[in-house]
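First up is the structure itself, then whatever we jot down about it.
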Amino acid sequence: MTADQEAMIREALAALPAGEFHLPDAVGPRWDELWIGEKVGLGNDFLKHVRQGQFEGIEDTGRKEHGLHVYLKTG
C-alpha cells in the first residue's frame with residue numbers, strides 16, 4: 001500500500017459512520033478508478049494492516065459477503 005493509497009483510505013474511513021462496511025463502498029468512486037491489480041493488492045494490504053491494528057477503530061469481522069471482507073468501524 002502506497003502512502004497515497006493509505007491516505008485515500010484513511011480519509012474515506014474518517015467520513016464513514018460507525019458500523020459494518022466493505023472497503024470498495026467506503027472508498028467510493030475513487031475505488032473504480034483503480035485497475036484490478038491495484039484493487040486486489042490494496043484489499044489484501046488493508047486486511048493485513050487492519051489485523052495488525054494499524055487502522056485504529058477498524059476491525060475485521062472475519063466474514064465475507066458477496067466475495068468481499070466485512071469490516072467494522074467501532075467509533
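Below, all heavy atoms of this structure are taken into account, side chains as well, without hydrogens, waters or symmetry copies. This one's a predicted model, so the numbers in the text were calculated from it and none came from an experiment. Index from 1, following the sequence.
The cluster map of Ile, Leu, Val, Met, Phe, Trp and Tyr, joined by side-chain heavy atoms under 4.5 Å apart, puts V40 and M8 in different clusters. Grouping the Ile, Leu, Val, Met, Phe, Trp and Tyr side chains by contacts below 4.5 angstrom, directly or via other members, places I58 apart from V70.
Closest approach of K39 and L34 over heavy atoms only: CE-O, 3.2 Å. Closest non-hydrogen pair, A26 versus A12, comes out as O-CB, 3.3 Å. Closest approach of G43 and W31 over heavy atoms only: N-CH2, 4.4 Å.
For the atom pair CD (Q5) and CG (L42), the distance works out to 4.5 Å, reported to the nearest 0.5 Å. In this structure, F21 CZ and L68 CG are separated by 11.5 Å, a value rounded to the nearest 0.5 Å. In this structure, E20 CD and D25 CG are separated by 12.0 Å, a value rounded to the nearest 0.5 Å.
Heavy-atom neighbours of E56 CD from other residues, nucleotides or ligands within 6.0 Å: at or below the threshold of 12.
Taking the six-membered ring for Trp and the full ring otherwise, the centers of F55 and Y71 sit at least 6.0 Å from each other.
A side-chain donor-acceptor contact under 3.5 Å links K73 to the backbone of L13. Side-chain N or O atoms of D60 include none that pairs as donor or acceptor with a backbone N or O of R51 at under 3.5 Å.
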Quick one: do R30 and E11 satisfy side-chain contact (heavy atoms from CB on, under 4.5 Å)? Show the steps, please.
CA-CA 12 Å; R30 292 181 288 181; E11 180 182 319; 3.6 Å; yes
